[in-house]
Amino acid sequence: MEKTINFIPLDYDSFDFQDKNYIKIVGRTEDGKKACIIDDFPAYFWVILQKGLKDKQIKKLQNKIETISIKKAKRTSKVIKTELHQKNFLGKSVPALKLFITNYKDAPKITELLDFKEIDHRREFDLNIITKYIIEKKFKPMNWYKIQGELLNNSEDFGNLDASLDVDICIKANEITRSESQPDFKPKILCYDIETDNVEIGSEPILMISLYGENNFRKVLTWKSKDTTLSYVETFEDEEDMLEAFVKYVKEYSPDILSGYFSDGFDLPYLKARADKNKFKLNLGIDNSQPVFSRGRILTGKIKGIIHLDIFRFIRSIYSQYLQSETLSLNDVSSELLNEKKAEWEHKHSSKIKPNEWENYFKYNLQDSILTYKLAEKLLPDIIEFTKIIQEPLFNVSRDAMSAQVENYIMHNLEKYNEIIEKRPHAHQIGARRAEERYEGAFVLQPIPGLYEDIVFFDFTSMYGSVIVTYNLSKSTYSHKRKPDSLKVELENQKAYFSKKQGFFPQMLNEIIKKRKQCKKEYALDKNPFTKAKSNSYKLLANAAYGYQGFFGARYYQLEAAAATAALAKEKIKETIEKIKSKGHEVVYSDTDSIAFLQNKKSNKEIQELLEEINSKLPGIMELDFEGFFKRGIWVTKRTGEFGAKKKYALIDKNNNLKIRGFETVRRDWCTLARETQNKILKTILEDGNEKKAVEHVKEVIKKLKERKIPLQKLIIKTQLKKPIEEYKAQGPHVIIAKRMQEEQKIKVPIGTLIKYYISESTKKRALIRERAKLPDEKGEYDIEYYLNNQLLPAVENILEVFKINTKELVDGKKQTNLMDF
DNA sequence: GACTGAACTATACC
DNA sequence: ACGGGTATAGTTCAGTC
């Protein structure tokens, strides 16, 4: 039966039927029904031919290729037909054969048989099948389409596929056209969280599972305690019954997105492992399949027909640059984004929980799902807009690293350039790229330490991106030797040349930057969160494009283009600094794309005119922007030597808002006491314009510390493990503490763990710091001398030095601090 | 055992 | 393995006397 529906694709999957590839897309219809679209997949890839082949030679080659057939264990795969096309590859026009094959999965195998001398390159055999499908059919995620096709209703097509799918409607597509109207789509989200006694996946039973969804849908499922009056708690006989109810509720709710926080790495694999132990099928998929885990660098959990969204993964790979949370824990991120915290619950083994305590545990468990739901709601505009722009499924976009996002964007936008997609680098190429010498990067101006007044900040908008566009720096425009009408860029040990004819990479980047500008304008007029999200997405892409060209895993890697980008950016900012100086302004500081200088009694209007004048002479799309006026700013010396420290300064604006960069205040590996004290003195100095109050405050803190009146809590030092503990060559304090945590307390300390410790007094003379490091709850007295000399004073010394104050004089009994004082 | 520079390590800036 | 280079600064390590 013929059927036409309006449909929005959400989740993509591929399957084989009679040895051919098909794509299965799950999404929603306009009236909110869950639908599945089956579409065929034209499996093909390209071989790029040598130039100047005669028609006869090509025909002969085609005939040879068309006989290729390979047998794998289960299927025979062959070349169906070939077509000759004129395509572009890396900006050059090339003759190419389009090879249609029966099964795309065998494309790499078939390319191995194509070692004919007439063939220069084989391409597009190494794409993800869904990526290739979306490019080919332009059936893009999170957009509305009109689907016209055959209704599958208990039909025998595809082996009764439709009958096994838990959807309202299933259609074999004949025609897919983009709808004119694109109404807003609000996906149905369900969030979940589990609690266990042991974090080792599957090691012990799951104690409870919470669920939270729209219209205040809330559940806590448990089998541990039946003693509760909380209406949302449901109790079961055993773990298996609880798991069964979990699956039942998910299916009834029928979410588009099932979301957890770190659920890829914990909740979902744990659920699966416990289901296995109970010999129970965790059949969450719409085809009743169980979650499937792919082992990349990190575990990834996929559920068929439902988008499994791990909010933590998205935050870590994309969103963390907008956050200032010290860790990406649910608690820290929720505090920052939602101004809400996890519920109070002191973790203890379930055997030690008293009957009247369980309710608090249930509330805690539910709160985690609620926070995850709120985070999902908050971040979804960003995730959806990014998905629409990148044109990959939300499942991938929410997990991919920035390099993959840039690459996917490129691949999905190459068609209008008639370009064949470059291949992924081989392992040996990656090795060679990684071994390449590093190139010279950005310029950082050495500041002269001091307190300054009335500071102006300018910065270049998307500087590196605008340089790439302006000078046409990319793989397809690069040449190692001079060509007519090419731009020469002097690098450290070589010269690089870039053609003036615009390449697709700079052209695409130009579009991205233009769209960003447009969105920004739009948002200024109408504060729509989706416009903001779109603007953010383009900004992210524009900023990542430079790093992409220098990234060893990139299809369009060109180190010379990256090096030239940095070199030209450096040249331009230096010229701009000179220009500002020539107008009588003292330039205080500059880092990469920003310049700070003294207003020097000039009016704001004159500053604006200066900006316009500079802009009128900048090349291409390069643009300098006004960042802000600051009433005061402080730059300090390095700890060693008397020169000004780079990447370390503090500013205050007219509304007394602080902007602190690089100082210990913003570093999480310093104890709270040092950070708070430093923050306070920076604030008073910048507010008052003098150091008087700051000195008094420091004296007070020193006194308290010496009297041991500072609580230990403020002296805990946190350091993150950046690699497995056995790989450390130097046994620093945090490494020793981590080892003890693992050996004495049986606490797992994987990469990324934030190790907490304090430095205690020692009976031994000249003991190493690591020998004095103790766990926060370990008995001992903190070492006053250490905290004075290694934490507090270093944090305030360089700041007070600007006012010629010797910190040591603030310390009573200086002989303990420095023997030279005698 | 004291001292010193190099190596290792973590974190921040843009 | 999953953007790039620039920079500060603490602690340990290894060599010297």
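Below, read A as the first sequence line, B as the second, and so on, with proteins coming before strands; counting in each chain starts at 1. Treat the numbers as computed from the prediction; the structure is a model and nothing was measured.
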Item checked: Verdict with reasoning, A:Thr637 to A:Glu801, per side chain to side chain donor-acceptor pair (under 3.5 Å) -> CA-CA 8 Å; A:Thr637 57; A:Glu801 195 190 281; 3.2 Å; yes
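Checking A:Gly441 against A:Met402, the closest nucleotide of DNA chain C that is more toward the 5' end is the one next to A:Met402. Between A:Glu771 and A:Thr637, the one whose closest nucleotide on DNA chain C sits nearer the 5' end is A:Thr637.
Near DNA chain C, defined here as any heavy-atom distance below 4.0 Å, there are no residues from residues 311-322 of chain A. Of all the residues in residues 536-551 of chain A, A:Gly547, A:Gly550, A:Phe551 reach under 4.0 Å from DNA chain C with at least one non-hydrogen atom.
Rounded to 10 degrees, the angle between the two end axes of the helix from B:dG1-C:dC17 to B:dC14-C:dG4 is 10°, with five pairs used at each end.
Under a cutoff of 6.0 Å and an axis angle of 45°, A:Lys574 and A:Phe443 form a cation-pi pair. The cationic atom of A:Lys302 (NZ for Lys, CZ for Arg) lies less than 6.0 Å from the six-membered ring centre of A:Phe395 and within 45° of the ring axis.
Contact annotation for A:Tyr557: no contact, since no heavy-atom pair falls under 4.0 Å across all strands. No contact: A:Ala562 has no heavy atom under 4.0 Å from any strand. Nucleic acid contact class of A:Arg438 (heavy atoms, under 4.0 Å, all strands): base. Among the protein residues, A:Ile430 comes within range of no part of the nucleic acid, since none of its heavy atoms lies under 4.0 Å from any strand. Within 4.0 Å of A:Asn790, counting heavy atoms only, lie sugar-phosphate atoms of the nucleic acid but no base atom.
Taking the centre of each ring, A:Tyr782 and A:Tyr758 stay at or above the 6.0 Å mark. Ring pair A:Phe630/A:Tyr649: centre-to-centre distance not below 6.0 Å.
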Output a table of nitrogen or oxygen pairs between the protein and nucleotides 1-6 of chain B separated by less than 3.5 Å.
none

Notebook entry, point to check: What string of B, S and - do you get for nucleotides 9-14 of chain B, 5' to 3', if B is base contact, S is sugar-phosphate-only contact and - is no contact with any protein heavy atom under 4.0 Å?
Noted result: SBBSBS
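A salt bridge is absent between A:Asp126 and A:Lys423; no separation between the charged side-chain nitrogens and carboxylate oxygens falls under 4.0 Å. A salt bridge is defined here as a Lys NZ or Arg NE, NH1 or NH2 lying under 4.0 Å from an Asp or Glu carboxylate O, and A:Arg661 with A:Asp591 fails to meet this definition.
Judged by distance alone, the side chain of A:Asn472 and the main-chain N or O of A:Gly503 form a donor-acceptor pair under 3.5 Å.
Judged purely by distance below 3.5 Å, without hydrogens or angles, the side chains of A:Glu407 and A:Tyr548 pair a donor atom with an acceptor atom. For the residue pair A:Thr327 and A:Asp332, a side-chain donor N or O sits within less than 3.5 Å of a side-chain acceptor on the partner.
Separation of the P atoms belonging to B:dA10 and C:dC2 is 15 Å when rounded to the nearest angstrom.
Shown are A:Arg772, A:Arg740, A:Lys756; of these, the salt bridge (Lys or Arg N to Asp or Glu O under 4.0 Å) with A:Glu778 is made only by A:Arg740. Among A:Phe551, A:Phe504, A:Tyr409, the single residue meeting the ring-ring contact (aromatic ring centres under 6.0 Å, His included) criterion with A:Tyr556 is A:Phe504.
Judged as a ring pair (Phe, Tyr, Trp, His ring centres under 6.0 Å), and not counting sequence neighbours, the contacts of A:Phe458 are A:Phe597. Every side-chain contact (heavy atoms from CB on, under 4.5 Å) that A:Asn615 has, sequence neighbours left out, goes to A:Leu611, A:Leu618, A:Glu623, A:Leu624. In terms of the side-chain contact (heavy atoms from CB on, under 4.5 Å) criterion, residue partners of A:Lys646 (sequence neighbours excluded) are, by chain and number, A:Val444, A:Gln446, A:Pro447, A:Tyr589. Under the rule for a side-chain contact (heavy atoms from CB on, under 4.5 Å), the partners of A:Asn536 that lie at least two apart in sequence or sit in another chain are A:Tyr322, A:Asp382, A:Lys532. Annotation: ring pair (Phe, Tyr, Trp, His ring centres under 6.0 Å) contacts of A:Phe626 (sequence neighbours excluded): A:Phe629.
Note on residues 715-739 of chain A: pairs passing ring pair (Phe, Tyr, Trp, His ring centres under 6.0 Å), not counting sequence neighbours, are A:Tyr728-A:His734.
Think of the region where chain A sits on DNA chain C: with heavy atoms and a 4.0 Å cut, that region ends 5' and 3' at C:dA1 to C:dC13.
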